[in-house]
Peer 1: 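Here's a structure for you.
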Amino acid sequence: MPPRHLYIHIPFCARRCSYCDFSIAVRSTTPVDEYVTALRTEMDGLLENLEGATLDTVYLGGGTPSRLGGIGIGDVLGTVRDCARISDAPEITIEANPDDVNDMAVAHWVAAGVNRVSLGSQSFDDASLKWMHRTHDSSQIGLAVNTLRRGGLENISLDLIFALPAHLGRSWESDLIRALDLEPAHLSLYGLTVEAQTPIARWADRGATVQGSEGNYEEEFLSAHAMMVGAGYDHYEVSNFALPGMTSRHNSAYWTGASYVGVGPSAHSFDGATRRWNVSAYSEWIRRLGVGETVLGGEECLTEDNRTVEEVYLGLRTRRGLEIGEEETARIQTWEAAGWAVIDEPRKDLRVRLTATGWLRLDSLAADLAAQGRGRAPGSQDK
Ligand code: SF4
């Protein structure tokens with residue numbers, strides 16, 4: 001099957017946030033023309049893979065794609081249209097930082113076909129935003145949402161981070177209330193983790209407290225679940241909440257094991273059997289494309305064991321859940337008794353879904369089930 005999902009990595013950021021270990025290129029001035037030229041070269045090389053493809057979703061992620069501005073995003077999506085057909089009703093998402101959102105940029109994004117925005121909000125607490133090295137303050141989040149709506153972009157997702165260190169004095173409840181006041185279609189809530197090579201990892205090495213306690217993580221995750229569900233959002237994936245009909249189609253494709261193509265530095269692709277990824281450093285990606293070399297950084301062919309582990313994990317992280325066999329029900333019933341899961345019995349198949357409390361144990365429960373060598377995500381493609 002030709003791919004129906006395209007991810008484009010746009011790596012530019014004004015500076016590195018304190019918790020971020022993504023593949024980024026810190027630039028005070030974004031090299032828009034250099035990037036777009038290189039992207040076109042990479043996509044020209046993929047014409048064979050994209051032949052016959054009709055893209056249902058395009059996701060501009062990063063980095064900070066909004067750093068390309070209005071015209072740059074128009075050029076990126078123009079390149080996509082030159083190389084592949086886009087469906088009549090696609091989902092085209094751009095990740096944006098609040099301080100990059102202005103009327104002119106939004107007008108260009110809409111004209112280029114963007115119809116969904118994932119806004120990197122992270123918190124409404126200015127001290128916390130400063131600690132995170134974010135480039136925006138809390139007042140810019142609401143302004144950005146208003147500007148997006150004024151320009152015709154209603155499908156807005158807000159990102160927030162929980163489990164911040166207590167010394168920041170950030171109120172999670174107040175942040176959730178302020179986010180809900182903006183009536184976003186979608187919210188992504190991530191617990192802070194300390195990744196190697198990040199500023200907060202260095203602060204931790206020097207003895208600083210850089211994240212909330214485990215108890216704080218659990219409390220904030222569960223309070224977010226209760227508040228969002230109470231406000232009418234579906235907690236449809238461990239980190240994601242959506243109003244009815246507003247789930248992320250692109251990310252949902254990842255969670256069902258669909259194939260996808262990724263372009264740009266560090267982007268990953270998956271064809272149903274093999275996962276491939278590009279070189280990570282922007283400078284190396286540019287260099288290779290400039291001299292006609294492949295930008296492939298590596299690849300991994302999934303074994304039968306890999307597939308089982310992935311299918312179990314993907315199924316359990318979403319509300320779709322996972323089909324299980326009769327022989328597994330005894331094990332799953334112990335999860336049910338602990339409040340971690342529910343077993344549905346639709347017309348044909350037994351299916352387990354994790355509860356919010358179960359999602360706090362997602363990794364260990366998925367490992368437990370995958371270790372039995374069983375589990376098949378309902379509706380997933382045969383990866
Ligand atoms: S804006 Fe996003 S990608 Fe850029 S440094 Fe911050 S968290 Fe990382």
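Read the numbers this way: they start at 1 and go in the same order the structure lists the ligands and their atoms. Residue numbers count from 1 along this sequence.
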Peer 1: Answer yes when D99 and R134 have at least one side-chain N-carboxylate O distance shorter than 4.0 Å, and no when they do not.
Peer 2: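 No, D99 and R134 are not salt-bridged.
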Peer 1: If you measure from CZ on R4 to CG on D56, what distance do you get to the nearest 0.5 Å?
Peer 2: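 Reported value, rounded in 0.5 Å steps: 4.5 Å.
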Peer 1: Any cation-pi pair here, R275 with F270, using under 6.0 Å and within 45°?
Peer 2: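 That pair qualifies as a cation-pi contact.
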Peer 1: Could you list which atoms of ligand 1 come closer than 4.0 Å to a heavy atom of I24?
Peer 2: 3 (S), 5 (S)
Peer 1: Which protein heavy atom lies closest to atom 7 (S) of ligand 1, and at what distance to 0.1 Å?
Peer 2: Y19 OH, 3.6 Å
Peer 1: To which protein heavy atom is atom 4 (Fe) of ligand 1 closest, and what is the distance rounded to 0.1 Å?
Peer 2: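 Answer, as residue, atom name and distance: C13 SG, 2.3 Å.
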Peer 1: What verdict does the ring-ring contact (aromatic ring centres under 6.0 Å, His included) test give for H225 and F221, after you've listed the backbone C-alpha separation in whole Å, the side-chain angles of each residue and the deciding distance to 0.1 Å?
Peer 2: CA-CA 6 Å; H225 168 81; F221 178 81; 7.3 Å; no
Peer 1: Nearest to atom 5 (S) of ligand 1 by heavy atom, A25, S18, C17, G62: which?
Peer 2: C17
Peer 1: I need the atoms of ligand 1 closer than 4.0 Å to a non-hydrogen atom of R15, numbered in the order shown.
Peer 2: 5 (S)
Peer 1: Distance under 4.0 Å to a non-hydrogen atom of N97: what atoms of ligand 1 satisfy this?
Peer 2: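 Every atom of ligand 1 under 4.0 Å from some heavy atom of N97: 1 (S).
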Peer 1: Can you tell me if E95 has a non-hydrogen atom under 4.0 Å from ligand 1?
Peer 2: no
Peer 1: Is a donor on one side and an acceptor on the other found under 3.5 Å between the side chain of W359 and the backbone of L316?
Peer 2: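 Yes: the side chain of W359 pairs with the backbone of L316.
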Peer 1: Considering only heavy atoms of T64, which atoms of ligand 1 have at least one such atom less than 4.0 Å away?
Peer 2: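 It comes down to these atoms of ligand 1: 1 (S), 4 (Fe).
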Peer 1: Kindly state whether the ring of Y7 and the ring of Y260 have centres lying under 6.0 angstrom apart.
Peer 2: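 For Y7 and Y260, the ring centres are not under 6.0 Å apart.
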Peer 1: Among protein heavy atoms, which sits nearest to atom 8 (Fe) of ligand 1, and what does the distance come to when rounded to 0.1 Å?
Peer 2: C20 SG, 2.3 Å
Peer 1: Report yes if the distance between the aromatic ring centroids of W203 and H133 is under 6.0 Å, otherwise no.
Peer 2: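 So the answer is yes for these two rings.
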Peer 1: What is the closest protein heavy atom to atom 3 (S) of ligand 1, and at what distance does it sit?
Peer 2: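 The closest one turns out to be G63 N, 3.3 Å.
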